[in-house]
Structures are given as C-alpha cells and as structure tokens.
Amino acid sequence: MDPESLGVRDSDLVRAGLAIGVAILAIIVLFPGIRYKGGLVNNKKPFELSWTNAKRRFQSGARGLITTAFNQNDGKHKDAFYMVTDNGVEMIIHPKYAHEIRNDERFSISAYNEQSFHGRIPGFEMFKENVVEEQLFINAVRSRLTRSLGKLLGPISEEVTSALRQHWTDNKEWHSISLHSAVLPVIAQQSSRVFLGEELCHNADWMRITVNHTVSFFMAVEALRVWPKILRPLAARFSPMCKNLRAEIEEARRIITPILENRRAQQQAHSKHAASTRPNDLIEWLEETADGRSYDAARAQLKISVAAIHTTSDLLTQTLFNIADKPALIQDLRKEIMSTIGTHGWEKAALYNLKLMDSVLKETQRLKPISIGTMVRVTLDDVTLSDGLRIPKGTKTLVSCHNMWDKGIYDHADQFDGYRFYELRKLPGQENSSQLVSTSPDHFAFGHGLHACPGRFFAAAEVKITLCHILLKYDIRLVGERPNVIEHGVAQYANAWGQIEIKRREEEIAL
Ligand code: HEM
C-alpha cells in the first residue's frame with residue numbers, strides 16, 4: 001500500500017526512522033549489556049549514566065572480577081565473557097583456548113595495539129600498524145638479538161658492574177634503598193648497551209629518556225582514553241602529556257640521528273668491511289635487516305625501550321622482594337652462582353645451568369605476571385572456535401592467566417616456592433616446559449604462540465646476570481612486610497615505593 005494514500009509523507013517517514021535509530025543507539029549505549037547479549041559481567045549499576053564507575057571498578061579489582069565471573073555458579077561465563085575495561089569492552093577468554101588461538105592470524109596483536117594505544121595519532125605511531133617496520137623490528141629482536149646473546153653476556157655484565165657501583169654503591173653498612181628505582185637504571189644501562197652501543201648507554205640524556213618514555217607513553221595513552229574516539233586527535237594536540245611525549249620523541253631523534261648517520265657514512269666508506277668488525281647492537285641489526293628499506297630508527301629504539309626496560313626491571317624487582325626474607329634460598333642461589341659462573345664464566349651454558357635461579361624467576365612470574373590478561377588481540381573476522389564459542393569480528397580479546405595460580409594445576413598454588421620449577425624440571429617430560437622462557441597455557445607470563453615475547457631470552461639473560469652480581473655483592477633484607485603488588489586493571493606491578501635494606505659484601509668469585 002502506498003504510504004501517501006494513508007496521509008503519511010516521506011519526511012514523516014524519515015523523521016520516524018531517525019527517531020527509532022536514535023532510540024536504538026541510546027539503548028545500546030546506555031545498556032551495553034544488550035549489545036553483548038548478557039555476556040557483560042561488570043555492567044553499569046542502576047542510575048550510573050556513564051561507564052566511568054564500571055571502569056574504575058575494573059581498574060581497582062580486575063583480578064577479583066575475572067575470577068568471580070569464571071567461577072559463577074550457573075557456569076554461564078565459564079568459557080568467556082565481556083568486560084568493561086579501562087580500554088573499552090573486551091572479551092576475556094578462558095586459558096583452555098590459548099593453545100587453539102595461539103597461531104591463528106585472525107587474532108591480530110598489531111590491530112589491538114593500534115586501537116588501544118592510539119597508533120594513528122601523532123606521538124603514538126610506534127603502535128601504528130606498519131607491516132614493514134613491525135617485521136623488521138620483530139625479526140631483529142627474534143633472530144639477531146637472540147642469536148647474538150652468547151657474545152653479549154660479557155658486555156652486559158660489564159655494564160651491570162658499573163651501574164651497581166653507581167646506583168647501589170659500595171657502602172658496607174646496612175642502608176635502605178627504593179628497590180624499583182635502584183633496579184631501573186641498572187637494567188636500562190645494560191639494555192642500552194645492547195640496543196645502541198657503548199657510547200649511548202653512558203649518555204645521561206638517553207638514559208633519562210629510555211627510562212621515562214614508557215611512563216610518559218602510558219600516561220598519555222590514559223589521558224586520551226577519557227576522550228571519545230573521534231575527539232582524541234584534537235585532544236592530543238593540546239594535552240600536556242601528549243606534548244611531553246612528542247617532545248621526548250624529538251629529543252630521542254636528536255640524540256640517535258647523528259649516531260646513525262655516522263654509522264651509515266662509515267659503512268659506505270668501508271663497504272668492504274668484514275661483518276665481524278661491525279658493532280654488535282640493535283642499531284646495526286635493524287640496518288642490516290632493513291637492507292635499504294626505509295624505517296624510523298628513533299621510533300624503533302623507543303619502542304624497544306617500552307617493550308623491554310620496565311618489564312624486565314619489574315621481574316627483577318619482584319624477585320628480590322620475594323627472596324629478600326629467605327636467607328636459606330639466597331644461600332642456595334649463591335652456591336649455584338659460584339659453581340656455574342665460577343666454572344664457565346659468562347657463557348650461555350652457565351646461564352642455562354642456573355636452574356634454581358631460573359625456577360625462582362619463573363615462580364615470581366607465576367604469582368605476579370606483568371598482566372593477568374595476556375595474548376591481547378583483535379579479531380579480524382568472525383571466529384567460531386572448535387567447541388562453538390563465537391567471537392565476532394572486531395572484538396578485543398585477552399586470555400585470562402588464572403591457570404597460573406590454580407590449585408588443580410600447582411600444589412599450594414597461592415604460595416611462593418622458589419624450588420617449584422627446579423623440582424619440576426627434574427621430572428621426565430617437564431625438563432623444557434619448566435624453564436623460564438617456555439610458554440604454555442599453564443604459564444604464559446611471556447604470552448604464547450606466534451607472538452610470544454621474542455625478547456624473553458634476552459630478558460632472562462639480563463635478569464640472571466644482574467641477580468648473580470646483586471646476590472654475590474650485596475646482603476639484602478626486607479624492611480618490614482613484603483611490599484604489596486600494585487594492581488591497575490589487568491596490569492600487576494612490583495611495588496614502586498617498596499624499600500629493602502642492602503649492604504655491600506665481598507663476592508666470593510670475581511664477576
Ligand atoms: C621480563 C620481561 C618481559 C616480559 C614479562 C614480557 C612480556 C611480554 C608479553 C606478555 C608479550 C605479549 C605476548 C603475546 O601476546 O603472546 C610480549 C611481547 C613482546 N615483547 Fe616482551 N616481555 C619482556 C621483555 C621483553 C624484552 C627484553 C624485549 C625486547 C628485547 C621484548 C620485546 C617484545 C616484543 C617485540 C613483543 C611483541 C611481539 C609480537 O608482536 O609478535 N620483551 N612481551
């Protein structure tokens with residue numbers, strides 16, 4: 001029937017259509033649970049108009065919210081559920097799916113990073129999807145850095161010696177230090193030696209930037225998240241945190257560019273130079289991997305600082321908090337260091353044989369991974385998993401790490417047992433899976449599958465070398481209680497304000 005014959009005009013129809021559209025949109029925005037078909041576990045409470053409070057509840061209690069949702073009596077959320085997070089609505093997936101999705105390219109880490117860290121906005125481009133730069137960067141870390149490890153152990157140890165003398169001092173009296181602040185520059189100096197070479201790892205400006213940039217970056221990310229997506233590019237132009245971020249990038253560029261240009265000039269002048277005389281650092285590996293393709297060297301260096309320095313410092317800090325009140329464990333660790341490093345020196349085999357230390361580090365990560373949600377991805381397509389779980393295209397997903405503290409998987413799972421993986425490693429079939437660098441759905445502090453952290457072999461080497469120095473050169477003890485872990489959404493940080501007491505001791509073997 002013709003609408004005109006009923007006295008209805010086109011403009012009325014358009015208006016009615018618009019009204020219905022706006023109403024549907026309003027319902028979806030105000031009641032997001034509808035869009036997520038009841039799968040949203042931390043929806044707004046009655047009379048809350050925005051998601052601000054739901055986000056706050058997530059920021060301060062994500063661990064409890066996630067555990068409660070998986071264990072809900074009706075089993076409704078036992079496989080997966082949606083959650084309002086500080087990064088919008090995300091789907092939290094049970095770790096039983098980790099193996100199935102680990103190499104599935106429909107789950108994109110780069111799309112997740114670009115969307116979550118404003119990759120298209122100036123200042124945040126290190127997380128813009130860029131296939132060439134990403135491949136270059138990851139290949140340089142995965143193959144060149146890891147393959148060069150054997151030759152880097154000596155230089156890393158040299159930097160640890162110099163940084164500890166400066167930041168931990170030779171003071172033989174007990175005195176307290178802020179642990180996290182004392183660990184950061186030690187990790188930053190040795191990492192910078194490997195990423196940029198000897199000159200820049202002693203450059204005070206670079207050291208300041210490499211340590212600060214991660215914090216500046218994540219503060220700016222959060223500052224922009226309070227704005228609606230459409231306004232973020234504009235807000236970024238005026239936000240003081242974003243301005244600071246851009247200023248840091250410019251300063252980094254001013255420091256790195258002359259060094260890079262000098263290297264390129266030398267390379268041209270001595271093109272027949274044997275590969276063995278070239279510097280052994282990330283600047284060089286990126287140049288070689290790029291093989292003439294254009295890429296942003298300063299951005300790559302800042303990106304690696306963000307990926308590497310605070311994560312590694314956090315692991316070392318938490319490990320020291322965990323062992324500082326365990327003198328018997330410290331004694332066993334010292335014995336192990338003396339027998340392995342004392343016999344082999346700084347060789348890969350020696351680090352491999354620091355099995356108790358490896359166990360202490362893995363146990364530290366088991367109880368406090370850097371994030372309790374790992375394998376963050378965005379689905380590029382509608383996905384149906386083998387048991388029928390459906391994940392729509394464009395969903396932000398992350399896998400819950402709760403297997404890592406599950407009593408059904410680990411005995412006395414809530415307690416720190418430094419010997420746990422040392423003992424497990426002796427069992428047939430568990431020799432490999434119990435090592436720090438191994439990943440599995442029962443322990444994926446380094447993620448799992450295709451995108452499992454490519455820097456973990458390097459991180460393990462750095463932390464082990466630094467621990468050898470610290471334990472032989474210093475007595476350590478807690479000041480009062482062990483500092484609590486700082487929880488911020490899914491992120492779990494070693495307490496940045498926590499103190500320990502230290503005093504210099506005589507090392508039994510020269511390091
Ligand atoms: C204890 C220290 C570290 C921890 C806990 C850590 C943790 C992680 C985690 C959880 C992921 C995501 C894995 C996934 O989604 O499956 C990751 C990715 C990554 N990490 Fe690490 N990381 C550490 C140190 C490092 C270091 C030292 C480097 C560089 C030298 C590095 C470079 C990277 C890169 C490039 C990625 C992205 C991989 C990709 O997109 O395929 N990380 N890391």
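Quick note: residue numbers are just sequence positions, from 1. Start at 1 and go down the list; that is how both ligands and their atoms are numbered.
A cation-pi arrangement is not found for Arg225 relative to Phe124, the charged atom failing to lie both closer than 6.0 Å to the ring centre and inside a 45° cone about the ring normal.
Remark: the Asp332 side chain and the Tyr419 side chain contain an N/O donor-acceptor pair separated by less than 3.5 Å. Between the side chains of Gln318 and Asn322, at least one donor-acceptor pair of N or O atoms lies under 3.5 Å.
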**OP:** Go through the steps for His180 and Tyr493 under the test ring pair (Phe, Tyr, Trp, His ring centres under 6.0 Å), then give the verdict.
**Re:** CA-CA 10 Å; His180 185 247; Tyr493 303 119; 8.6 Å; no
Subject >> From CA spacing to verdict: salt bridge (charged side-chain N to carboxylate O under 4.0 Å, His left out), Arg366, Glu363 >> reply: CA-CA 5 Å; Arg366 184 184 70 79; Glu363 178 71 346; 2.8 Å; yes
**OP:** Start with the C-alpha gap between Asn139 and Thr289, add the side-chain angles, then the distance that decides, and say whether side-chain hydrogen bond (donor to acceptor under 3.5 Å, both in side chains) holds.
**Re:** CA-CA 8 Å; Asn139 285 344; Thr289 316; over 6 Å; no
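Using a 4.5 Å heavy-atom cutoff, the side chains of Lys362 and Arg425 are not in contact.
Heavy atoms of Val463 found under 4.0 angstrom from ligand 1: none, in either backbone or side chain. At a heavy-atom distance under 4.0 Å, only side-chain atoms of Ile138, from C-beta outward, approach ligand 1.
In the vicinity of Leu145, heavy-atom distances shorter than 4.0 Å reach the ligand 1 atoms 30 (C). Taking every heavy atom of Met375 and a limit of under 4.0 angstrom, the matching atoms of ligand 1 come to 15 (O), 16 (O). Those atoms of ligand 1 with a heavy atom of His448 less than 4.0 angstrom away are 16 (O). Within the listing of ligand 1, atoms 15 (O), 40 (O) sit less than 4.0 angstrom from a heavy atom of Ile109. Proximity to Gln365 (heavy-atom distance under 4.0 Å) selects the following atoms of ligand 1: 5 (C). Near Thr312, the atoms of ligand 1 lying under 4.0 angstrom from a non-hydrogen atom of the residue are 1 (C), 2 (C), 27 (C).
Around atom 21 (Fe) of ligand 1, protein N, O or S atoms at less than 2.8 Å number 1.
A donor-acceptor contact shorter than 3.5 Å links the side chain of His202 to the backbone of Glu198.
Using the six-membered ring where Trp is involved, His94 and Phe70 have ring planes that are perpendicular, over 60° apart on the 30 and 60° scheme.
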Donor-acceptor pairs are to be reported for all side-chain atoms of residues 453-461 against protein atoms at under 3.5 Å, with residues two or more places apart or in another chain.
unit_1 : atom_1 : unit_2 : atom_2 : d
Arg456 : NE     : Val437 : O      : 2.7
Arg456 : NH1    : Cys453 : O      : 2.7

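The closest protein non-hydrogen atom to atom 12 (C) of ligand 1 is His451 O, 4.2 Å.
Distances between N or O atoms of Arg377 and those of ligand 1 include at least one value under 3.5 Å.
For the pair Asp358 and Lys355, the salt-bridge criterion is not met [side-chain N within less than 4.0 Å of a carboxylate O].
Distances shorter than 4.0 angstrom occur between a heavy atom of Phe137 and an atom of ligand 1. Taking 4.0 Å as the cut-off, Arg102 does not count as a neighbour of ligand 1 on heavy-atom distance.
Tyr97 pairs in a side chain to side chain contact (heavy atoms under 4.5 Å, CB included) with only one of the listed residues (Thr397, Asp387, Val399), which is Asp387.
Selection from Ala445, Ala461, Ser191 by nearest heavy atom to atom 10 (C) of ligand 1 gives Ala445.
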